[in-house]
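Just below is one structure, and these are the notes that go with it.
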Amino acid sequence: MKRFILFMQSELSLVRTTLAAHLIGILQPMIMFWLMSLVFVNPTFDMFVDTSDPHLSQLVAAMAEVGTPTGVHYIRVLGWQAGPEDVESQAVFYEENENRPAALQVFGPIDSNLVKNYRNRLTAAALRLWNENLGSRAVNLVEYPWLPDELPFILFFGIAMLPMAAVISSSLTGAMLMAQDFEGRTILEYRLSPVSSITIIFVRLLRLVIVGLLSAGCLLCMLYLVSGVWPRQVWRIFLALLPITLIGASVGLLAGLLTRRTLPAFVISLVFTLGTWILGSSFGLSSGFGGFYEILSRFIPNTYAVELIFPSYYFGVSVSPAWVNYLFLGAVTLASLSMLVRIYLLRLKAGS
Amino acid sequence: MMFKRFSYLFSTNIKALLQDPIPILGGLIAPLVMLFAFGILFSGDLSFKAAVINQDEGEYGQLLKESFTEVISPLNDQPYYALLELPEEEVWKEYEKFHLDTVWVIPSDFSERITTGEDPEIKMYFNNYNDDRAKNHRIYPAEILWHFYKKAGFNAPPLDVAEKYPLDKMMQWFPIMGVGIVLTSVMLGAMFNSFILTFREQENHITLEFGLMPRSLLWVYIPKTILALIMGLLTGTLLLFIFYLWTGAWPKGGLIWAFWLLSGLVSLFWVALTTLLGLGVKDYFFGAILSILSAILIFFISGGMSLVRVNWEDTLLVSRFFPNLYAVDPLRDLVLFNTWPVDFTRVFFILLGFAVFGLGAGWAAASWRLRRHG
């Protein structure tokens, strides 16, 4: 036990020799999340309308009513002073099409996502006018939302980054440390060391878990600063992140063991981090994307971690049974740790 | 003589790079992962999974249900809703398990109320776990109901809606991102190779010799910069080719040179910075991570995922200090639409300014460091 503690102290004190790399792993997710929170659009879109045309005055009034029941507007009308030929993104004009009055939305060269958003908003406003015209024949849509409050998209984006933050720190640092053991020939000392190899790898994993959870913890604080939402039962979040961190650490150490060189090990870890983040419910619950993405995401540990963290932020609502998520994460953790220990012992025996 | 000296230094740098060719892939791997991952995420089926419980005793309920799959979204040209045919009990089970995004319940008197004018109602249950999806759940139904009113023969709307789009084909979202990723690849390829070359020189103390060199240090920087630029353009072009295989988008008609020109100028701005990084860092790993993660961050905040010109007011102030923000939309014009960017001349001079400033400031700082510390 004493040897273990001494070893652990040594491992933690070595952090100062690679402080810069640790700081990058901790700070990068925080900075990225903060910047993304400034970039992501909110539900209110600016829409240009030829407000000088009196035929569109009722439409403009209807546009102001398109939004949530709590008063968040989806459209902010801006007056368009020029003609259709000068449109950059979009603008709405009045025209008569075969003697029928119409709101013509002229688009600039914008992508399909923007077209969809502008089109839906115009239709929603025009539908209000139609419903008024239809009177008691108009169809009323009564809303029954799942959750009592609608939380901003950036919150989910940040939640999906929590596993990424844990993995990026543990995996990249693990890859670097293990590869440097080979490059610096420290691996020979471990081979000759009286300390059990399992202890050595365990201590290293422990250090990487601390680093990974620290990175996620810092991001969690940034998430609170940006969104104002503090999760319930924070311990559940760290419980969900623990297997993810172990998986990341194992992958990083394995990358270092297999390549025995810093750069290839780093590249493998980075690919793993990026791939699991984007494919693991990074922009929304995987069930919301469907198709091949949903199938693929079911093989990614981050998906399960995100679903475990979800209730802590979303009023205790679960996406899937917790035991299923823990089972998958546990199985993957066990598999990656087993592979790590086996390959480490083989490499140690080989001494190179 | 000068050309001989230059070619010697250039070939020395090539040999240094080829000693360990792995860094050559530095500009390719991370962007390749991003390209595939975003491609799978955003070019697949983005329809909301829906179920309609039609209890209506008349015909209008069925007409409304049919409208769900008949209204096509411009996003990937798919219906807004993918309708699942399930028994009612299964519907609620799937909804509880988050396998359905929305459930519409059409009551038994729906058609009757439409006919008699008694405020027909539909209950819409939907998943609002984030405000963006909730917004879509509120505005997609407008398209469905619009289509339903027309299909069911209701009185014409007081104000119809029409659209005019400037191109024959809708510009999809994933290709927009893809060009951003390709630019990142060019930039990262140049950055990474520049960093590796310089770091190795520092590690092997060759920088000491540079510091004592009687000749101008431009002899050190120029061959390295040109090689890094070539590597960046090579990796970026390779990724562009992969992108072409996926989407068919390519700068045809000789526009590839304009693509190389603009993306190359962007890279030159960053190359000088990474040269400085290679001189300054003692830990290779730190420099490598910093280069790659910075490039990824810049992709996200400098118009990598959406159009810049139409969203200029919403761009971050900090990203306006990066050349990527100015280059990405003209590159999209070249690659996706095979058109000459209307603002090409302006963008060219902006990027030239960035490149000159970046190289000038970077080389000046590097020279100061080399002469003082070696």
Side-chain angles (χ1 to χ4, degrees), chain A residues 20-21 24 28 32 35-36 38-39 43 88-89 100-107 109-113 115-116 120 122-124 126-127 129-130 133 136-137 139-147 150 152-153 156 176 262-264 266-267 270-271 274-275 278-279 287 290-293 314 319, chain B residues 22-23 29-30 33 37 40-41 44-45 73-75 98-99 101 114 117-132 134-135 139-143 145-146 157-166 170-173 176 283 285-286 288-290 293 297 300-301 307 310 316:
Chain A
I24 289 268
Q28 197 272 349
M32 183 164 157
L35 287 172
M36 293 300 285
L38 301 174
V39 167
E88 290 180 346
S89 55
R100 293 235 19 91
L104 172 69
Q105 181 152 231
V106 176
F107 293 116
I110 56 176
D111 62 79
S112 56
N113 186 43
V115 168
K116 174 185 75 86
N120 295 157
L122 179 62
T123 307
L127 186 73
L129 297 181
W130 200 350
N133 189 261
S136 56
R137 291 187 74 213
V139 176
N140 293 316
L141 213 56
V142 181
E143 294 182 5
Y144 289 86
W146 182 265
L147 298 171
E150 281 156 26
F153 171 73
F156 184 90
M176 175 188 71
T262 320
L263 185 57
F266 162 65
V267 168
L270 183 67
V271 165
L274 282 179
I278 297 172
L279 296 172
S287 56
F292 183 60
Y293 179 82
Y314 290 93
V319 178
Chain B
I22 297 273
I29 292 176
V33 169
I40 293 168
L41 181 58
D45 182 5
S73 164
L75 193 62
F98 280 73
H99 291 168
D101 295 298
I114 287 178
E118 286 182 81
D119 299 315
E121 254 183 28
I122 292 174
K123 291 180 182 170
M124 180 180 75
Y125 297 82
F126 64 98
N127 191 337
N128 62 332
Y129 77 89
N130 76 55
D131 58 1
D132 184 66
K135 174 262 299 173
I139 59 179
Y140 284 6
E143 304 287 350
L145 288 174
W146 190 274
L159 189 69
D160 210 337
V161 290
E163 279 180 0
K164 193 173 165 191
Y165 193 70
M170 188 71 62
M171 191 190 316
Q172 292 298 335
W173 200 13
I176 299 285
D283 184 350
F285 198 68
F286 167 72
I289 299 179
L290 189 61
L293 296 183
L297 182 64
F300 278 110
I301 65 172
L307 295 170
V310 295
L316 286 180

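Because the structure is a prediction, the values reported are computed rather than measured. Every chain is numbered from 1 and lettered A, B, ... according to where its sequence line falls, protein lines coming before strand lines. The basis for the numbers below is simple: all heavy atoms, side chains too, and nothing from hydrogens, waters or symmetry mates.
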Heavy atoms only, distances under 4.5 angstrom: which of B:Phe300, B:Tyr129, B:Tyr140, B:Phe286 has the most pairs with chain A? Name it, please. B:Tyr129
Quick check for you: to the nearest 0.5 Å, what is the distance between B:Phe126 atom CZ and A:Leu147 atom CG? 9.5 Å
Highest number of heavy-atom pairs under 4.5 Å with chain A: which of B:Val33, B:Leu159, B:Asn127, B:Leu75? B:Leu159
Rounded to the nearest 0.5 Å, what's the gap from CE on A:Met176 to CD1 on B:Ile289? Could you check? 7.0 Å
Only pairs of heavy atoms separated by less than 4.5 Å count here; which of A:Ala124, A:Ala103, A:Ser89 has the most with chain B? A:Ala103
Can you tell me how far apart CD (A:Gln105) and CD (B:Glu163) are? Round to the nearest 0.5 Å. 6.0 Å
If you take all heavy atoms of A:Trp130 and B:Pro158, which pair is closest and at what distance? CA-CD, 3.7 Å
Set out, in order, the CA-CA distance, both residues' side-chain angles and the distance that settles side chain to side chain contact (heavy atoms under 4.5 Å, CB included) for B:Leu145 and A:Thr123, then state yes or no. CA-CA 10 Å; B:Leu145 288 174; A:Thr123 307; over 6 Å; no
So which heavy atom on A:Leu141 is nearest to which on B:Pro141, and how close? CD2-CB, 3.4 Å
Starting at CG of B:Asn130, measure out to OH of A:Tyr314 and round the result to the nearest 0.5 Å. 6.0 Å
Under 4.5 Å from a heavy atom of chain B, the part of A:Gln28 involved: side chain
So which of A:Leu122, A:Asn133, A:Leu263 has the biggest tally of heavy-atom pairs under 4.5 Å with chain B? A:Leu263
Heavy-atom proximity to chain A below 4.5 Å, by part of B:Leu293: both
Can you tell which part of B:Asp119 gets under 4.5 Å to a heavy atom of chain A, answering side chain, backbone, both or neither? both
Which atoms of A:Leu104 are under 4.5 Å from chain B, going by heavy atoms: the side chain, the backbone, both sets, or neither? both
Could you state the interatomic distance from CG (B:Leu41) to CD1 (A:Ile278), rounded to the nearest 0.5 Å? 8.0 Å
Any idea which heavy atoms bring B:Val310 and A:Glu88 closest together, and the distance? CG1-O, 3.4 Å
Of the backbone (N, CA, C, O) and the side chain (C-beta and beyond), which part of A:Phe266 lies under 4.5 Å from a heavy atom of chain B, both, or neither? both
Identify which of B:Ala37, B:Pro157, B:Ala142, B:Gly117 forms the greatest number of heavy-atom pairs closer than 4.5 Å to chain A. B:Pro157
Heavy-atom distance under 4.5 Å to chain A: side chain of B:Ile176, backbone, both or neither? side chain
Which heavy-atom pair separates B:Asp131 from A:Pro152 by the least distance, and what is that distance? OD2-CA, 3.4 Å
Counting heavy-atom pairs under 4.5 Å with chain A, the top scorer among B:Glu121, B:Glu143, B:Lys123 is B:Glu143
Looking only at heavy atoms, which two atoms of A:Phe292 and B:Ile40 are closest? And how far apart? CD2-CG2, 3.9 Å
For a quick test of reading the model, state the closest non-hydrogen atom pair linking A:Val319 to B:Phe98 and the distance between them. CA-CD1, 3.7 Å
Could you tell me the separation between the NZ atom of B:Lys135 and the CZ atom of A:Phe153, rounded to the nearest 0.5 Å? 10.5 Å
Mind checking whether B:Tyr125 and A:Tyr144 have parallel, tilted or perpendicular rings, split at 30° and 60°? parallel
